[in-house]
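All figures in this text were calculated on a predicted structure; none of them were measured in a lab. Both ligands and their constituent atoms are indexed starting at 1 by order of listing. When a residue number appears, it is its place in the shown sequence, counting from 1.
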Amino acid sequence: MAEPRVFTLSQVAQHRSNKDCWVVINGRVLDVTKFLEEHPGGEEVILEVAGKEATKQFDAIGHSKAAQNMVLKYQVGVLEGAKVEEVDMNDDVVDMESNSKEMSAFVIKDGANYKSTSFYEFFVPLLVAALYFGYRCLTVPQY
Ligand code: HEM
């Protein structure tokens, strides 16, 4: 994968209007110009940190996982000297990670357990019904 472009803080500082707005979040340089109007928290809050390091403000809101993933979409480079974990946007890594917990909750049957589960699902109710009818036949008085 190509090396990300590296920017200094003073380069980032040149993009601080609503026509050209960059911010730095967790060492990633983001061009959020197109996102300003869409931002659910309003454009003013982002414009206040335009051209600057905005990690503290971003984290203070407690942005959702979806918002954190969105950051990657607007990345144009990295801040000089910052350690940034590289994520290949062509991979599904981001989505897979964010969904893995929820997904595991749905995986109930897998591999060898599947057959034994369906066996019990079928025979246990049958056994209960048979026992009930057996009990009824033995206890209901025959006239
Ligand atoms: C630049 C990247 C940013 C992205 C992609 C982003 C994304 C989002 C998203 C998706 C939401 C909806 C709620 C959620 O999913 O968490 C949101 C809400 C919000 N954001 Fe951001 N945001 C960014 C930057 C910022 C910054 C720098 C600030 C503050 C300086 C900020 C302040 C807020 C506020 C105040 C809300 C509303 C929270 C609420 O209604 O409870 N955001 N943002």
Side-chain angles (χ1 to χ4, degrees), residues 1-140:
M1 209 176 73
E3 285 294 303
R5 291 176 68 190
V6 180
F7 298 100
T8 62
L9 255 187
S10 54
Q11 282 176 305
V12 175
Q14 281 154 26
H15 308 264
R16 51 165 192 251
S17 73
N18 62 351
K19 301 267 175 297
D20 177 22
C21 177
W22 289 15
V23 291
V24 179
I25 292 175
N26 293 322
R28 298 178 196 275
V29 177
L30 322 175
D31 179 350
V32 287
T33 316
K34 289 194 182 119
F35 178 65
L36 286 174
E37 277 185 18
E38 294 166 30
H39 183 227
E43 64 175 11
E44 299 80 18
V45 280
I46 298 187
L47 284 171
E48 269 172 37
V49 288
K52 292 193 257 185
E53 166 60 63
T55 311
K56 268 193 205 149
Q57 291 87 339
F58 183 84
D59 288 347
I61 302 302
H63 279 95
S64 64
K65 189 84 188 167
Q68 289 166 35
N69 284 340
M70 228 180 253
V71 162
L72 302 169
K73 192 174 145 190
Y74 297 100
Q75 183 172 359
V76 289
V78 294
L79 190 67
E80 190 182 51
K83 271 197 179 169
V84 176
E85 196 187 321
E86 268 313 308
V87 181
D88 188 344
M89 288 303 285
N90 296 322
D91 271 2
D92 285 340
V93 178
V94 184
D95 286 342
M96 298 261 299
E97 271 177 9
S98 65
N99 288 338
S100 62
K101 279 202 185 109
E102 291 98 296
M103 289 301 290
S104 62
F106 292 102
V107 181
I108 302 164
K109 301 169 185 175
D110 70 333
N113 289 339
Y114 180 74
K115 276 192 187 120
S116 58
T117 312
S118 54
F119 174 83
Y120 287 121
E121 272 173 8
F122 182 71
F123 281 104
V124 169
L126 211 65
L127 193 69
V128 172
L131 286 173
Y132 174 74
F133 282 112
Y135 170 79
R136 288 273 300 181
C137 286
L138 293 174
T139 54
V140 171

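From the protein, the heavy atom lying nearest to atom 35 (C) of ligand 1 is Ile61 CD1, 3.7 Å. Protein heavy atom at the shortest distance from atom 37 (C) of ligand 1 is Gly41 CA, 3.7 Å. Nearest protein heavy-atom neighbour of atom 15 (O) of ligand 1: Ser64 OG, 2.6 Å. With hydrogens left out, the protein atom closest to atom 3 (C) of ligand 1 is Phe58 CE1, 3.5 Å, a heavy atom. From the protein, the heavy atom lying nearest to atom 11 (C) of ligand 1 is Pro40 CG, 3.4 Å. Of the protein's heavy atoms, Ile46 CG1, 4.1 Å lies nearest to atom 26 (C) of ligand 1.
How far CZ of Arg28 is from CG of Leu72: 5.0 Å, rounded to the nearest 0.5 Å.
Residues Leu9 and Glu53 share a closest heavy-atom pair of CD2-N, 4.4 Å. Residues Cys21 and Ser17 approach most closely at CB-O, 3.2 Å, considering heavy atoms. The shortest non-hydrogen separation linking Val6 to Gln11 is O-OE1, 4.1 Å.
Residue-level proximity to ligand 1 for Tyr74 is absent, since no heavy atom of it falls below 4.0 angstrom. Contacts with ligand 1 closer than 4.0 Å are made by side-chain heavy atoms of His39 only, the backbone lying farther away.
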Working for side-chain contact (heavy atoms from CB on, under 4.5 Å), residues Gln75 and Val78
CA-CA 8 Å; Gln75 183 172 359; Val78 294; 3.6 Å; yes
Run Val71 and Asn26 through side-chain contact (heavy atoms from CB on, under 4.5 Å) and show every step you take.
CA-CA 10 Å; Val71 162; Asn26 293 322; over 6 Å; no
How far apart are the C-alpha atoms of Trp22 and Asp31, what are their side-chain angles, what is the distance that settles it, and do they pass the side-chain contact (heavy atoms from CB on, under 4.5 Å) test?
CA-CA 4 Å; Trp22 289 15; Asp31 179 350; 3.4 Å; yes
Tell me, with the steps shown, if Val76 and Phe7 meet side-chain contact (heavy atoms from CB on, under 4.5 Å).
CA-CA 9 Å; Val76 289; Phe7 298 100; 4.2 Å; yes
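With ligand atoms numbered from 1 in the order given, ligand 1 contributes 1 (C), 2 (C) to contacts under 4.0 Å with heavy atoms of Ile25. Of all atoms in ligand 1, numbered sequentially from 1 with element shown, those under 4.0 Å from a heavy atom of Val32 are 1 (C). For ligand 1, the atoms lying closer than 4.0 Å to a non-hydrogen atom of Val49 are 27 (C). Near Phe35, the atoms of ligand 1 lying under 4.0 angstrom from a non-hydrogen atom of the residue are 3 (C), 4 (C), 5 (C), 6 (C), 7 (C).
A heavy-atom distance below 4.5 Å is not found between the side chains of Lys73 and Phe35.
Inside a 4.0 Å radius of atom 41 (O) of ligand 1 there is not any protein heavy atom. At least one protein heavy atom sits closer than 4.0 Å to atom 32 (C) of ligand 1.
Remark: side-chain polar atoms of Glu48 are not paired, donor with acceptor, to backbone N or O of Val45 under 3.5 angstrom.
Taking only non-hydrogen atoms, the option from Met70, His63, Lys65, Glu48 nearest to atom 25 (C) of ligand 1 is His63.
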